[in-house]
Protein chains: 4
Amino acid sequence: MASQKASGSDEKEERPVRTPQRRRGRERVAALVEAAVAVFAEQGYEAATMTEIAARAGASIGSLYQFFPTKEQLAAELHARQLAGLAEMLDALAAEARGRPLEAAVDRLFARLVTFLEAHPAFVVLSERRNIDPQAKKRARARLRGGIEALLAGTVPPVPAARRPALAALTLHMIRVAALLEADDDTSLRGPAVAELKAMLRAHLVAAGDG
Amino acid sequence: MASQKASGSDEKEERPVRTPQRRRGRERVAALVEAAVAVFAEQGYEAATMTEIAARAGASIGSLYQFFPTKEQLAAELHARQLAGLAEMLDALAAEARGRPLEAAVDRLFARLVTFLEAHPAFVVLSERRNIDPQAKKRARARLRGGIEALLAGTVPPVPAARRPALAALTLHMIRVAALLEADDDTSLRGPAVAELKAMLRAHLVAAGDG
Amino acid sequence: MASQKASGSDEKEERPVRTPQRRRGRERVAALVEAAVAVFAEQGYEAATMTEIAARAGASIGSLYQFFPTKEQLAAELHARQLAGLAEMLDALAAEARGRPLEAAVDRLFARLVTFLEAHPAFVVLSERRNIDPQAKKRARARLRGGIEALLAGTVPPVPAARRPALAALTLHMIRVAALLEADDDTSLRGPAVAELKAMLRAHLVAAGDG
Amino acid sequence: MASQKASGSDEKEERPVRTPQRRRGRERVAALVEAAVAVFAEQGYEAATMTEIAARAGASIGSLYQFFPTKEQLAAELHARQLAGLAEMLDALAAEARGRPLEAAVDRLFARLVTFLEAHPAFVVLSERRNIDPQAKKRARARLRGGIEALLAGTVPPVPAARRPALAALTLHMIRVAALLEADDDTSLRGPAVAELKAMLRAHLVAAGDG
DNA sequence: TATGAATGAGAGTTCATTCAT
DNA sequence: CATGAATGAACTCTCATTCAT
């Protein structure tokens, strides 16, 4: 088997993920990241192998390890990058939505998130991984929830502060469900089910805004 | 030889899961199943080892393989049993709900599903497994959706037939989200978020019924 | 390369060295131990590979790991066995030497130790290993020194108690040197140098006895 | 390609250790040598990595390989330098000791050797390495033994020629034991055991001189 | 049938060494 | 000459699976 032993906050000296200086290196890393995202997305964390990731990037296994000293850290790094991107997107969205109707904000949020998940196919896989450092996980979720809360606070009408945390958490999960529906269900249901989901969430948030 | 990696639809003759006749055998299988559920729930499919499952059941590895010829088939068998139980429960619920208010039916559904998931801790793990035989997966989902559709068809008012498939699929996912919220999120959000989820779903279904 | 990660008292759950029940198993283990001793003796700890040890025992790598869960533990187990054998031998020698002349005891000790080291060619290699758990090392040395002290206490004349610990430690090292001289030096010097060593030690101990 | 394992007398063209002409180069080599000595002393030959040696010298690996084309040759070069230093010291000592009492010569030898070993912490590690080219090893030992023989030949009284080679070899080993005692044993024994060792050796040599 | 030792492919990881820049 | 990314053979260790007893 493999890393067999792994669990987020461990020993193993934690040599940090290296950022290369030379241009060649930066391209290499980009290729590695892309390959890793693809392989994780296709196979899941456990089934993905470092060997395949390296091969798919056209690199040697040693090269992969030069930049990402463990499989665990590779996953963590990818996840962190994707989280940062997502959080940034949410912030931008919150800014755009300020003073705009809640309904429109929800639609927009949905659209962007679907785009994001299509662009980051490993996101769900990496988020759901057991063995993630629970601290980091909590922090990440809080960050995202914060972004959504800000969004829901600035619309017209705003969602009442008291219900915002719970509704933000709920919204986050709805996104995930939307992604799953989009991807893996009976083809004939994809469209309708996602539509129902969107309508449901929008109605619920709007009702909260009015409440 | 041993191939350690095996994935869903393979060669490998698929010797069927043996069902024992003698009482000793049936007890043994029950113990193995229980142990497997526990280990899969705790560690996930990949991290679970056949050795640990056998040990926890107080059986030898050889014994485990007597009844479940591959790890894959063990997981599939467990999953199938749990799905059957769930489907049965949905059927019973549909019968009970016939002629009763939609609202009450939804609440009941929710309550029962939460109970079910608590009683079958490996259910989510086994459902989310990639590498499942996609055919079987589709059939299973269809069966469950069917149960929920029946439920939604018999209430007063009933959910319109046209929207039933999508709403059934959606409801199924909502359950999963509820389970996740119940289990892994920020403690302070569990209660409120689940409450929001339930209210949201109920309102949406009721609106559909009225529509 | 080798253990990459290793350092005596570590994490890694320390599954204990298994002692097999079946006869076949006991023979297997004996073959593995023999092979390990040979390989460690020839190549040293780091250069020895688990693969070669298994191959030389006519076993598979998996079989080796069934009984000795890490290379580290394999070395530790071998070392412990050899230490126990040596300590036992020293105890027997101390019993034999009680009441006999110191001079004869020293000669006998020397002879037996040379025999022992010839019979346990990995002994020096395993003793000198850096990365041994220092606690265990200290205990082992103390045990051996104790055996020699007892020997030196029971002869006629006895070595004075005050000097016994230091002289026992010294004697132990002289043995090692004798083994090294016996093994790896210029052929023409082996005999004479060992003779000088023996004479030197004997004279020193006798002088201590008279003092 | 890379063969990671290389052992003593091999193919590999043996590009010689480069000696730099420019001052910058000489400084660089000095830093590399110092770093290598430290790392070998701390970690042993096998565990030491070329990467760490280079890093500790503030150089790049490429730079290290410029001067020392293999790890093996690096170790050999260090060892050779240290041996040369030691031999030189012995020669000086032999000169000083000419016509002086044997007893004093022995004490002096001991004192200088302890100093030397403290100043060259990797000496023992590099000497004990298996896989050293046996020819080179023999030559080195012979050179050292020669130095000690010369010493023992010039004192008053001199050690008889016939016993000189064996006694020189023995003395050399005693030094090593002294170093080991100094370093790794039970603290409480260090002083006394080394004292016994010194007394023993001195008495033996003096007796030889008188014989 | 039950048992558990045996098997070996395969996974993660390291590090000596090379070579383009 | 210096640099450090690139390479890949080799290593330790795991675990699904088989099979002699």
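Just so we're on the same page: letters track the sequence lines, and every chain starts at 1.
- Glu46(D) has its CD atom 16 Å from the P atom of dA10(F), to the nearest Å.
- Annotation: Glu34(A), atom CD; neighbour count of heavy atoms from other residues, nucleotides and ligands within 6.0 Å does not exceed 12.
- Rounded to an integer number of Å, the gap from CD of Glu52(C) to P of dT12(F) is 10 Å.
- Ile53(B) places its CD1 atom 11 Å from the P atom of dT17(F), with the value rounded to the nearest Å.
- Under the Watson-Crick and G-U wobble criteria, each requiring two contacts below 3.5 Å, nucleotide dT14(E) is paired to dA9(F).
- When the nucleotides dT13(E), dA6(E), dA16(E) are ranked by their closest atom to the side chain of Lys71(A), dT13(E) comes out on top.
- Among the atoms of the strands shown, none is found under 4.0 Å from any heavy atom of Ala55(B).
- Per the geometry, CE belonging to Met50(D) stands 15 Å off P belonging to dT3(F), to the nearest Å.
- By the 4.5 Å heavy-atom criterion applied to side chains, Val37(B) and His120(B) are not counted as neighbours.
- The nearest heavy atom of DNA chain E to Ala59(C) and to Gly62(D) marks one nucleotide each, and the one closer to the 5' end goes with Ala59(C).
- Nearest to the side chain of Tyr65(A), among dT13(E), dT12(F), dT17(F), sits dT13(E).
- Among the protein residues, Ala48(B) comes within range of the sugar-phosphate backbone only, with heavy atoms under 4.0 Å from sugar or phosphate atoms but none that close to a base.
- Between the C1' atom of dT3(F) and the CZ atom of Phe67(D) lies a distance of 13 Å, rounded to the nearest Å.
- Protein atom CZ of Phe68(A) is 13 Å distant from nucleotide atom P of dA5(F), rounded to whole Å.
- Nearest to the side chain of Ser60(A), among dT7(F), dA16(E), dA5(E), sits dT7(F).
- With dT17(F), dT1(E), dC13(F) as the candidates, the nucleotide lying closest to the side chain of Gln66(B) is dT1(E).
- Counting heavy atoms from C-beta outward, Gln73(B) and Phe67(B) have side chains that stay 4.5 Å or more apart.
- Among the nucleotides dG12(E), dA2(E), dA6(E), the one closest to any side-chain atom of Thr49(A) is dG12(E).
- For dT7(E), the OP1/OP2 oxygens have a side-chain nitrogen or oxygen of Arg28(C) closer than 4.0 Å.
- The partner of dA9(E) is dT14(F), judged by Watson-Crick or G-U wobble contacts that both fall below 3.5 Å.
- One atom, CG of Leu64(C), and another, P of dA5(E), lie 14 Å apart when rounded to the nearest Å.
- Between the NE2 atom of His79(C) and the OH atom of Tyr45(C) there is a distance of 13.0 Å, given to the nearest 0.5 Å.
- Here the nucleotide nearest the side chain of Ser63(A), chosen from dT7(E), dT17(E), dA6(F), is dA6(F).
- Pair assignment for dA20(F) gives dT3(E), based on Watson-Crick or G-U wobble hydrogen-bonding distances that are each under 3.5 Å.
- At whole-Å resolution of the value, CD1 in Ile61(B) and P in dT17(F) are 10 Å apart.
- Considering OH of Tyr65(D) and CE of Met50(D), their distance stands at 4.0 Å, rounded to 0.5 Å.
- Here the CZ atom belonging to Arg129(A) is positioned 4.5 Å from the CD atom belonging to Glu72(A), to the nearest 0.5 angstrom.
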